[in-house]
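Before any comments, here is the structure.
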Amino acid sequence: MSALNLYDTATREVGVFKPLIPGHVSIYVCGATVQSHPHIGHVRSAVNFDILRRWLTWSGYDVTFIRNVTDIDDKILHKAVHEKSPWWAVAMKYERIFTQAFASLNVLPPTYEPRATGHITQMVELMQKLIDNGAAYAPGNGDVYLEVRKLKRYLTLSGQKLDDLQPAADADAASSEKRDPRDFALWKAAKPGDPSWPTPWGAGRPGWHLECSAMAHAYLGEAFDIHGGGLDLVFPHHENEIAQSEAAGYKFANRWLHNAWVTQAGEKMSKSLGNTLQVETILQRVRGIELRWYLGSAHYRSMLEYSEAALDESAVAFRRIENFLTRSVELLGIQPEPTITDAFCAAMNDDLAVPAGLASISENLRLGNQAITDGDKKAIAKNANEIRGALQILGCDPFDTNYPQSASGNVSAALDGVIQLALKERAAARERKDFAASDAIRDGLLALGITIEDTAQGPRWSMEEKS
RNA sequence: GGUCGGAUGGCCGAGAGGCGAGGCAAGGGACUGCAAAUCCCUCUACACGGGUUCAAAUCCCGUUCCGACCUCCA
């Protein structure tokens, strides 16, 4: 088996992945700031990292996967005013919606999912360490800032130079206590009415995603293998996490992975552009497993240009695969045993080249369908096993009970009985060449969403499933 | 202004010096009472201009266009 190669944003190169502790992989992924409904860009990120996680697990690693929830920030407070609801109620409401969205796409729950507000103690400890080290300062107004000029390695992830940055909007030095306009707030002094927690420097709340540094350290220690997130987090979010963590003496992340966006008309999906597509909306069009197949099918570092046509096409393609697996179960009487082919393995090991893996699934599908025609049970099983193995890594295994399964036993048995009666009538009509009658039965069933296909093994029926 | 990505056939989408990934659509064929499903065959390509090389979609230089980030976006 080839070794896993992964891209690293810090070096901009694909290289062999070597975990810090053999056999174990620690991952921290920046999760949601729970201030609104998830759009499909959010869940793409989750799907991409879920595929990474499943692949690592399949490869034999023991994976610790931390994905945080940021449940306190300016936007949440803003939303709380807007929704006339306490900030914590807003955060919890959207957290639940995110969790629901992840679950409907079969994104595995993280090993642990820490919330920012549960880690104020760790943040205060981290700030104390930074102040003791001379990297941060508290000017006395309740804020705590990181002094970026003191950091030699600042901005190495994004490859920028401090002096080239456009000055921040709040850079009017007169009103600021900052020593440099580019210094960023680790902690923000409480404004009247805002939630706050006590610290040695005054009551306030977390500033610039201090929580990610604090929580990554709390659960993964001084150093960990992979830090992930969306491409737009590279700067400033991840730069600042690095700055905070390294200035505190931590080694922090060994490797950085960033997923690209879902775009529309070439533009990133974002609230400010008003072009977001909510997960709940898309799930009225396709099932969760189909949305996941669509989002996972592009390479994680490529932009995914959304269109309804592409989504529909992708869903149809998935149903073809699913249909083959269903037929293989009908013909063999057992569910496929997941197997990973060399081709799929090589693709995944090449920086998670899912599109190349999809080509190998296509090959399996072609051979599998051929095998059904030939009645070659051994070949049917082989290809079904290999397809199911690949689908399992992609989180799109139709037999996975995390996805809604078809109707309950006795209802579907009754339905099957009713349809078999109709099919018997149709067979009799065909026998006496009364095709008008036989087609009427088929059309009638089709109108109910039930498709009849005549196969070498006799007629089979299927019903379109809703998510 | 700085940093970083991208442009591939009708469409989607890989590849990163030689052998035209794959899918969808289209056309033809097989099968079928007809459908559906399935299989087989065929077709179309690397934004532009130079250069390096025996060989460039791939490397180099330049150009055009598109996008992202530059202090609370996945």
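By convention in this document, chain letters (A, B, ...) are assigned in the order of the sequence lines, proteins followed by strands, and residues within each chain are numbered from 1.
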_A/Glu267 (side chain) and B/G67 (base): donor-acceptor pair under 3.5 Å_ = no
*asked:* Within the 4.0 Å heavy-atom criterion, would you say A/Glu305 contacts the bases, only the backbone, or no part of the nucleic acid?
replied: sugar-phosphate
_A/Thr373 (side chain) donor-acceptor with A/Asn369 (main chain) under 3.5 angstrom_ = yes
*asked:* I'd like to check the side chain to side chain donor-acceptor pair (under 3.5 Å) partners of A/Ser26; sequence neighbours left out, ordered by chain and number.
replied: A/Asp225
*Polar side-chain contact A/Lys75-B/C73 base: donor and acceptor under 3.5 Å*: no
*Name the closest nucleotide to the A/Asp232 side chain, picking from B/A74, B/A37, B/U71.*
B/A74
*asked:* Quick check on A/Asp163: does its CG atom have over 12 non-hydrogen neighbours (other residues, nucleotides or ligands) under 6.0 Å away?
replied: yes
_Give me the stems containing RNA chain B, sorted by first residue, counting only three or more consecutive Watson-Crick or G-U pairs with both distances under 3.5 Å; say none if there aren't any._
B:1-7 with B:64-70, B:10-12 with B:22-24, B:26-30 with B:38-42, B:47-51 with B:59-63
*Say you pick atom C1' in B/G15 and the same atom in B/A57; how far apart are they, in whole Å?*
9 Å
*On a whole-Å scale, what distance lies between the C1' atoms belonging to B/A68 and B/C73?*
11 Å
*Scan A/Val234 against the nucleic acid and name what it touches under 4.0 Å (heavy atoms): base, sugar-phosphate only, or nothing.*
nothing
_Please pick, from B/C70, B/A14, B/A37, the nucleotide with the shortest atom-to-atom distance to any side-chain atom of A/Ala298._
B/A14
*Does any donor-acceptor pair link the side chain of A/Asp454 with the base of B/C31 at a separation under 3.5 Å?*
no
*Do the side-chain N or O atoms of A/Arg12 get closer than 4.0 angstrom to the phosphate oxygens (OP1, OP2) of B/G5?*
no
*Using the C1' atom as the reference point in each nucleotide, state the distance between B/G13 and B/G2 in Å, no decimals.*
32 Å
_Mind checking if A/Ile372 touches a base, just sugar-phosphate, or nothing, with heavy atoms under 4.0 Å?_
nothing
*May I ask you to decide if A/Asp397's main-chain N or O and A/Arg388's side chain share a donor-acceptor pair within less than 3.5 Å?*
no
*For A/Ser307, answer base if it contacts any base atom (sugar-phosphate contacts may also be present), sugar-phosphate if it contacts only those atoms, and nothing otherwise; contact means non-hydrogen atoms under 4.0 Å.*
nothing
_At less than 3.5 Å, do the side-chain atoms of A/Arg442 and the base atoms of B/C34 form a donor-acceptor pair?_
yes
*asked:* Given 3.5 Å as the limit, does a donor-acceptor pair link the side chain of A/Arg255 with the main chain of A/Leu6, or not?
replied: yes
*From the options B/A14, B/G2, B/C73, select the nucleotide whose nearest atom is closest to the side chain of A/His299.*
B/A14
*Nearest whole angstrom, please: distance from the C1' of B/U71 to the CG of A/Asp164.*
16 Å
*Taking all atoms of both residues into account, what is the closest heavy-atom pair of A/Val262 and A/Gly41, and its distance?*
CG2-CA, 3.8 Å
*Checking all strands, does A/Arg430 fall into the base, sugar-phosphate, or nothing category for heavy-atom contacts under 4.0 angstrom?*
base
*With a non-hydrogen cut-off below 4.0 angstrom, is A/Ala185 in contact with a base, only sugar-phosphate, or nothing?*
nothing
*Does A/Asn369 place a side-chain N or O at less than 4.0 Å from the phosphate oxygens OP1/OP2 of B/C39?*
yes
_Give me the distance, rounded to whole Å, that separates B/C11 from B/A16 when you measure between the C1' atoms they each carry._
24 Å
*asked:* In this structure, how many angstroms lie between the C1' atom of B/C70 and the CZ atom of A/Phe184, rounded?
replied: 15 Å
*Just wondering, do A/Trp261 and B/A74 stack (centres under 5.5 Å, planes under 30°)?*
no
*Could you tell me the separation between the CD1 atom of A/Ile452 and the C1' atom of B/U32, rounded to a whole number of Å?*
16 Å
*Neighbour count >12 (heavy atoms, 6.0 Å) for atom CZ, A/Arg179*: yes
*What nucleotide among B/U71, B/U38, B/G13 has an atom nearest to a side-chain atom of A/Arg320?*
B/U38
*If we only count heavy atoms from C-beta on, is the A/Thr111 to A/Ile27 side-chain gap below 4.5 Å?*
no
_Please give the distance between the C1' atoms of B/C24 and B/G33 as a whole number of Å._
30 Å
_A/Lys268 side-chain N/O to B/C69 phosphate OP1/OP2 under 4.0 Å_ = yes
_Any A/Arg442 side-chain heavy atom under 4.5 Å of A/Arg426 side chain_ = yes
*asked:* Need one value for A/Gln370: base, sugar-phosphate or nothing, where a base atom within 4.0 Å counts as base even if backbone is also close, heavy atoms only.
replied: sugar-phosphate
*Please tell me if the side chains of A/Arg149 and A/Arg182 come closer than 4.5 Å, counting only heavy atoms from C-beta onward.*
yes
*Expressed as a whole number of Å, how far does the P atom of B/C43 sit from that of B/G23?*
15 Å
*With respect to the side chain of A/Ser302, which nucleotide from B/A14, B/G33, B/C69 is positioned closest?*
B/A14
*Of the nucleotides B/C69, B/U71, B/A74, which one has an atom closest to the side chain of A/Ser45?*
B/A74
*What's the CD-P distance between A/Gln457 and B/A37, to the nearest Å?*
17 Å
_What I want to check is whether an N or O donor and acceptor connect the side chain of A/Asp439 with the base of B/G33 at under 3.5 Å._
yes
*Sticking with atom C1', work out how far B/C12 lies from B/A25, rounded to a whole angstrom.*
10 Å
*So which nucleotide from B/C39, B/C70, B/C73 ends up closest to the side chain of A/Arg366?*
B/C39
*asked:* Can you check the distance between B/U58 and B/G17, where both ends of the measurement are the C1' atom (answer in whole Å)?
replied: 6 Å
*Look at all strands and tell whether A/His39 reaches a base, only sugar-phosphate, or nothing, counting heavy atoms closer than 4.0 Å.*
base
*For A/Gly41, which contact category applies under a 4.0 Å heavy-atom criterion: base, sugar-phosphate, or nothing?*
base
*Is A/Ile361 close to A/Leu394 at the side-chain level, that is, under 4.5 Å between some pair of heavy atoms?*
yes
*Is there a side-chain polar atom (N or O) of A/Ser314 under 4.0 Å from OP1 or OP2 of B/C24?*
no
*Given RNA chain B, 5'-ward residue of the pair A/Ile40 and A/Leu358, judged by closest heavy atom*: A/Leu358
*Nearest nucleotide by nearest heavy atom, which residue falls closer to the 5' end of RNA chain B, A/Ala310 or A/Thr455?*
A/Ala310
